[in-house]
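Worksheet: the structure to be examined is printed underneath.
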Amino acid sequence: DIEITEESVIKDTDKALKVLKMLKEYGLKIVLDDFGVMYSSLSLLSNFPIDHLKIDKSFVDRLGTDEKSSKIVLNLINMCRALGIKTIAEGVEREEQANLLREMGCDYIQGFYFSKPMPLEELLKLL
């Protein structure tokens, strides 16, 4: 997978589209990070070859405590599902967040709730 930010694509959309299509031809999956933080251009989701969308930690932090954020996350997940884009919630730190995201149908969940970053050697021992 290759991870790009929404900001990097917005700067030169024509060039970005060409590069992303080329990367897809090489078999790479495209992950759009920071969606919803700056520009939130829905045209990126419909016009660019995006495989995964990362739901920003700023929304995940407010899950269960802020109704608007919860609705945004739910609708992002549903919209991505309709477009064939997988969702990744980043920054999950509490069980409540993980449970809500599962109920909403989020495809992947990452964050300190599961594990802090670790060297490969530690991961292999854990496995």
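Atoms considered below: every heavy atom in the structure, side chains included; atoms not considered: hydrogens, waters and symmetry mates.
Atom CD1 of I4 is separated from atom CG of D33 by 9.5 Å, given to the nearest 0.5 angstrom. Here NZ of K54 is found 15.0 Å from CG of L76. Values are rounded to the nearest 0.5 Å. In this structure, CE on M79 lies 11.0 Å from CG on L74, to the nearest 0.5 angstrom. Going from atom CG of L28 over to atom CD of E3 covers 13.0 Å, rounded to the nearest 0.5 Å. To the nearest 0.5 Å, atoms NZ (K71) and CG (N78) are separated by 13.5 Å. Here D107 contributes atom CG and C80 contributes atom SG; the two are 8.5 Å apart, rounded to the nearest 0.5 Å.
Of all the heavy atoms in G64 and S70, the pair that sits closest is N-OG, 3.4 Å. Among all heavy-atom pairs drawn from V60 and G91, the shortest one is CG1-O, 4.0 Å.
One hydrophobic cluster, built from ILVMFWY side chains closer than 4.5 Å, cannot hold both I72 and I88; they sit in different ones. Grouping the Ile, Leu, Val, Met, Phe, Trp and Tyr side chains by contacts below 4.5 angstrom, directly or via other members, places F112 apart from I109. Cluster membership check: I2 shares its hydrophobic cluster with L20, using side-chain heavy-atom separations under 4.5 Å among Ile, Leu, Val, Met, Phe, Trp and Tyr. Hydrophobic clustering keeps V31 apart from I85 (ILVMFWY residues linked when any side-chain heavy atoms are closer than 4.5 Å, directly or through intermediates).
Applying the salt bridge (Lys or Arg N to Asp or Glu O under 4.0 Å) test to residues at least two apart or on different chains, the pairs with a partner in residues 17-30 are K24-D51.
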Trace of the side chain to side chain contact (heavy atoms under 4.5 Å, CB included) decision for L17 with T13: CA-CA 6 Å; L17 184 57; T13 55; over 6 Å; no
Derivation and outcome, side chain to side chain contact (heavy atoms under 4.5 Å, CB included), residues L23 and I30: CA-CA 8 Å; L23 292 171; I30 309 297; 4.1 Å; yes
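With contacts defined as side-chain heavy-atom distances shorter than 4.5 Å, the pair E96/L63 does not qualify. Contact annotation: the side chain of C106 never approaches that of M104 to less than 4.5 Å [non-hydrogen atoms, C-beta and beyond]. Residues N99 and R102 have side chains in contact (heavy-atom distance under 4.5 Å, counting atoms from C-beta outward). Between Q97 and Y113, every side-chain heavy-atom pair lies at or beyond the 4.5 Å cut-off. Taking the side chain as every heavy atom from C-beta outward, F48 and L32 never approach each other to under 4.5 Å. Looking only at side-chain heavy atoms (C-beta outward), I55 and T87 come within less than 4.5 Å of each other. Taking 4.5 Å as the limit, every side-chain heavy atom of K86 sits out of range of all side-chain heavy atoms of L53. A 4.5 Å side-chain heavy-atom check between V73 and I77 finds at least one atom pair inside the cut-off.
Look at K57 and E90 and you find no salt bridge, because none of the NZ, NE, NH1 or NH2 atoms lies under 4.0 Å from a carboxylate O.
Among residues two or more places apart in sequence or in another chain, the ring-ring contact (aromatic ring centres under 6.0 Å, His included) test is passed with Y108 by H52.
Although no hydrogens or angles enter the test, the distance criterion places no donor-acceptor pair under 3.5 Å between the side chain of S69 and the main chain of D66. Looking at D12, its side chain does come within 3.5 Å of a backbone N or O of K15 through a donor-acceptor pair.
Other residues, nucleotides and ligands contribute over 12 non-hydrogen atoms within 6.0 Å of the CZ atom of F114.
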